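Here the structure is a predicted model, which means the values were calculated and not measured.
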Amino acid sequence: MSIKTIKEAYIFIGLFSLLLIGCNSKDTSYAALELPLNQLEENYKIHLLEAVKWLDSIETSDNIKDVKAYNMKARDAFKWAEPVLSYVDSENYKSLNQPNILKIEEEDLTDIKIKEPYGFQVLEESIYEEVPNLESIKKNARLISKRILLISNSTQLDYIKDYHVIWMIRDQVVRIALTGITGFDSPVLERSL
């Protein structure tokens, strides 16, 4: 055995020992985690309300360049809130980030419902059409804005624990790998990340 190999083994054993000692610590004070958990709901709602602000700006604008800029800012704010929203309210998250595909619901042969999609993907596709329909864009932005405002006003995160945050981060990493890298989230601009 060479001296280099022995040194590497001692370094490895030393680092592994430090890891074991750190993991076996009996200190259960989570004071450092309480502050970020208290701020989680505040930051989450700030980003949701920022998305609402930019979506409302789309409604008041008649310039397509401004609409494109507002959409990017609203989407960025939504992406900051995405890990929490997808964890605490997955159905609303899915509806806000659904692809531009018609949904057909069939109760029986006489009751067939066709549901128009809405959300950030639909908004992006309608903004970047060859001839954008400003009324359709404003209608979709208004619908998204109202839904996000409702979510913001009705969400309480006081039950969230530190391990929930780890789960949110884990799910977000998976979401980025599955929908972000592939461009599913942003079909026109491919600006998912």
query: Are any of the side-chain heavy atoms of His164 and Leu157 separated by less than 4.5 Å?
result: no
message: What I'd like to find out is whether the side chain of Asp62 reaches to under 4.5 Å of the side chain of Val67, using heavy atoms alone.
response: no
task: Determine, using the 4.5 Å side-chain heavy-atom cutoff (strictly less than), whether Leu150 and Ile144 are members of one ILVMFWY cluster.
output: no
query: Which heavy-atom pair separates Pro117 from Pro99 by the least distance, and what is that distance?
result: CB-O, 3.7 Å
Single-linkage hydrophobic cluster Ile166~Val174, side-chain heavy atoms < 4.5 angstrom: no
- request: Determine the minimum heavy-atom distance between Glu129 and Glu125, stating which atoms define it.
  value: CG-O, 3.2 Å
message: Counting C-beta onward and ignoring hydrogens, is there a side-chain heavy-atom pair between Trp54 and Glu50 closer than 4.5 Å?
response: yes
- prompt: Is there side-chain contact between Asn97 and Arg75, with at least one heavy-atom pair below 4.5 Å?
  reply: yes
Least distance between heavy atoms, Asn63 atom then Lys65 atom: OD1-N, 3.0 Å
- prompt: Is the backbone of Tyr87 close enough, under 3.5 Å, to the side chain of Ser90 for a donor and an acceptor to pair up by distance?
  reply: no
message: Is there a side-chain contact between Ile176 and Val173 in this structure, where contact means two heavy atoms from C-beta onward sitting under 4.5 Å apart?
response: no
field: Beyond-backbone contact of Met168 with Gln172, side-chain heavy atoms, under 4.5 angstrom
entry: no
message: Could you tell me if Arg175 sits above the aromatic ring of Tyr93, with its cationic atom closer than 6.0 Å to the ring centre and no more than 45 degrees from the axis?
response: yes
query: Is Pro132 close to Ile127 at the side-chain level, that is, under 4.5 Å between some pair of heavy atoms?
result: no
query: Between Lys139 and Glu135, does a salt bridge (Lys or Arg N to Asp or Glu O under 4.0 Å) hold up when you go through it step by step?
result: CA-CA 6 Å; Lys139 178 184 173 190; Glu135 287 306 310; over 6 Å; no
- request: Using the rule that two of Ile, Leu, Val, Met, Phe, Trp, Tyr join whenever any of their side-chain heavy atoms come within less than 4.5 Å, decide whether Ile148 and Ile46 are in one cluster.
  value: no
query: To the nearest 0.5 Å, what is the distance between CD1 (Ile58) and CG (Leu134)?
result: 10.0 Å
field: Residue pair Leu48, Thr155: steps toward the side-chain contact (heavy atoms from CB on, under 4.5 Å) verdict
entry: CA-CA 11 Å; Leu48 287 179; Thr155 302; 5.6 Å; no
query: Are Val122 and Phe78 in one and the same hydrophobic cluster, where Ile, Leu, Val, Met, Phe, Trp and Tyr link if side-chain heavy atoms are under 4.5 Å apart?
result: no
task: Measure the CD-CG distance between Gln121 and Leu96 for me, rounded to the nearest 0.5 Å.
output: 11.0 Å
- request: Please determine, by modelled atom types, if Tyr70 and Asp66 share a side-chain donor-acceptor pair under 3.5 angstrom.
  value: no
query: Hey, mind stepping through His47 and Val84 against side-chain contact (heavy atoms from CB on, under 4.5 Å) and telling me if it holds?
result: CA-CA 11 Å; His47 291 297; Val84 178; over 6 Å; no
message: To the closest 0.5 Å, what do you measure between CG (Leu85) and NZ (Lys94)?
response: 11.5 Å
field: Euclidean distance, Leu40 CG relative to Asp162 CG, rounded to 0.5 Å
entry: 11.5 Å
- request: Any chance you could measure Ser61, atom OG, to Asn71, atom CG, to the nearest 0.5 Å?
  value: 11.5 Å
- prompt: Should Phe120 and Trp80 be regarded as members of a common hydrophobic cluster, given that ILVMFWY residues are connected when their side-chain heavy atoms come within less than 4.5 Å of each other, either directly or indirectly?
  reply: no
- request: Give a yes or no answer on whether the side chain of Asn140 reaches the backbone of Ser136 with a donor-acceptor pair at less than 3.5 Å.
  value: no
- prompt: Shortest non-hydrogen contact from Ser57 to Thr60?
  reply: O-OG1, 3.1 Å
- prompt: Less than 4.5 Å apart, any side-chain heavy atom of Tyr44 and any of Ile151?
  reply: yes
task: Please round to the nearest 0.5 Å and tell me the distance separating atom CZ of Arg147 and atom CG of Leu55.
output: 13.5 Å
